[in-house]
Amino acid sequence: MGNIVPDQISLSPVEHRLILEAWNDTGHEVPSATLPALFEAQVARSPEAVAVVFEEVSLSYEELDARANGLAHHLIGQGIGPEDIVALCLPRSLELVVGLLGILKAGAAYLPLDPDYPAERLAFMVEDARPRSVVTSRGLAPRLPEGTPALCLDDPESAAILAHEAQSAPGDRERLGPLTPQNSAYVIYTSGSTGRPKGVTVTHRSVVNFLASMAGAPGMAPADVLLSVTPISFDIAGLELYLPLSVGARLILADRRTASDGVALGRLIDHQGVSVLQATPASWHLLVEGDWRPQRALRALCGGEALTRDLAAQVTAQGAELWNLYGPTETTVWSMIYRVDADETSPVVSLGRPIWNTRVYVLDGFLRPVPVGVAGELYIAGDGLARGYLGRPGLTAERFVANPFGAAGSRMYRTGDLVRWRADGALDFLGRADDQVKIRGFRIEPGEIEAVLVAHPAVARATVVVREDRPGQKQLVGYVTRR
């Protein structure tokens, strides 16, 4: 007896072409380049323009490039090159941007280590990813596992060595090997349902495709000023750091305290003449509750968790141009985009349509496309797909599956998100197909936290849930039973 396939609402040939082809017609030409190449091209175009500002101290494009080049040459001299991993553990600062660019220019992939993470979490990432070195500071180096090779940028001896390194951009002749778009650019860890976080490896090709699409919409131009509020351990920080620096705009870094204070954040927006701000709904709630009134036109980018109609109305009421963004780490920051209309009456803010060179599918349990208005699981394909999970081929094969709608050998990522098509080709988010949650934009698997709780000898069982006692203020709560 053959396999029994359950009935489904069949698609007409017209709807089949519409869903699979017309709504996925996202092809665009994108430069075959790496992140350092994009930045260096911009340095050549506007060397004296202000590139980055932190606490009233700024670096021009030329100055930022020279400092990053010195670090890159030093790392190369230490035998670090393409496909190596270099971790970065620094607070928000000019040195943070120098460190990121220096690692990329050496050809290595960077691994962000958030200084605010627990020491155990930092130790796991270092032991799992095995970076060749960690770029950090003397104050933070003791938080790393004992024996971790570290380069402290504020160490006088290190500073003297870096000051004497070449200030010119290293090329493939200086690097240990050619740097190509297919090489890894960064590794970012996300929560794991089994209690073990997993590192997602993303290539230059995927990041460059993402930046090219974002430069088109929501848009970024040399006259723009972008305020960065996101920790680099969260992949959406990639837009805030690299999009302005790839087009000649000005990047403003908010310190950690300002980024978490709605009133202070509003003041910084006005003081620096910010024209673009990307933040999670939690941060937009902070601004709204802080009685924020923008003094100039602002493009407001919101993502990381579901944007409610209520919050969207509050943001657009301030005259901001609001964009809703969606995408998992495994498909390179954002995969879908939607311009929010202030006059919309739909109770759900749409995820929108796929960005450049990205295809999305809404499928049933047998990987068959579902009709408009029917719930299904979202799969994402195209140039944004990550290489996979670092050192975990089994999990990579489980989540990055063969794409039956693409070319031979192509893959698609199973998101675990439930969505449905609108009649206009946009997608609405309905929820999760599993227990994963998002808080302030960070993906969290309750199972990971439960696994840590039950490891305690006094705990027999544990359950972790999300509570939202105040709108926009989600928090994790764990319940345990004693042995």
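One is the number of the first residue; the rest follow in order along the sequence. Note that the structure is a prediction, hence the values are computed from the model and not measured.
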Taking S184 for its side chain and V202 for its backbone only, find out whether a donor-acceptor pair lies under 3.5 Å. no
Would [X] and [Y] count as having a side-chain donor-acceptor pair, cut-off 3.5 Å?
| X | Y | answer |
| --- | --- | --- |
| E240 | T230 | yes |
| R92 | S228 | yes |
| W356 | E29 | no |
| Y379 | N403 | no |
| H271 | E56 | yes |
| Q42 | S246 | no |
| T258 | D261 | no |

Please report the closest heavy-atom contact between [X] and [Y], naming both atoms and the distance.
| X | Y | answer |
| --- | --- | --- |
| R411 | L385 | O-CD2, 3.5 Å |
| P231 | D114 | CB-OD2, 3.7 Å |
| Q167 | E165 | NE2-O, 2.9 Å |
| L151 | H74 | CD2-CD2, 3.8 Å |

Thinking salt bridges, do [X] and [Y] make one under a 4.0 Å N-O criterion?
| X | Y | value |
| --- | --- | --- |
| R196 | D128 | yes |
| D224 | R299 | yes |
| R256 | D116 | yes |
| R414 | E377 | yes |
| D270 | R267 | no |

Full working for side-chain contact (heavy atoms from CB on, under 4.5 Å) between T280 and F234: CA-CA 11 Å; T280 64; F234 189 4; 3.9 Å; yes
Would you indicate whether the side-chain heavy atoms of R143 and Y117 approach each other to under 4.5 Å? no
Determine the interplanar angle of the F429 and Y326 rings, folded into 0 to 90°, and report it as parallel if under 30°, tilted if 30 to 60°, perpendicular if over 60°. tilted
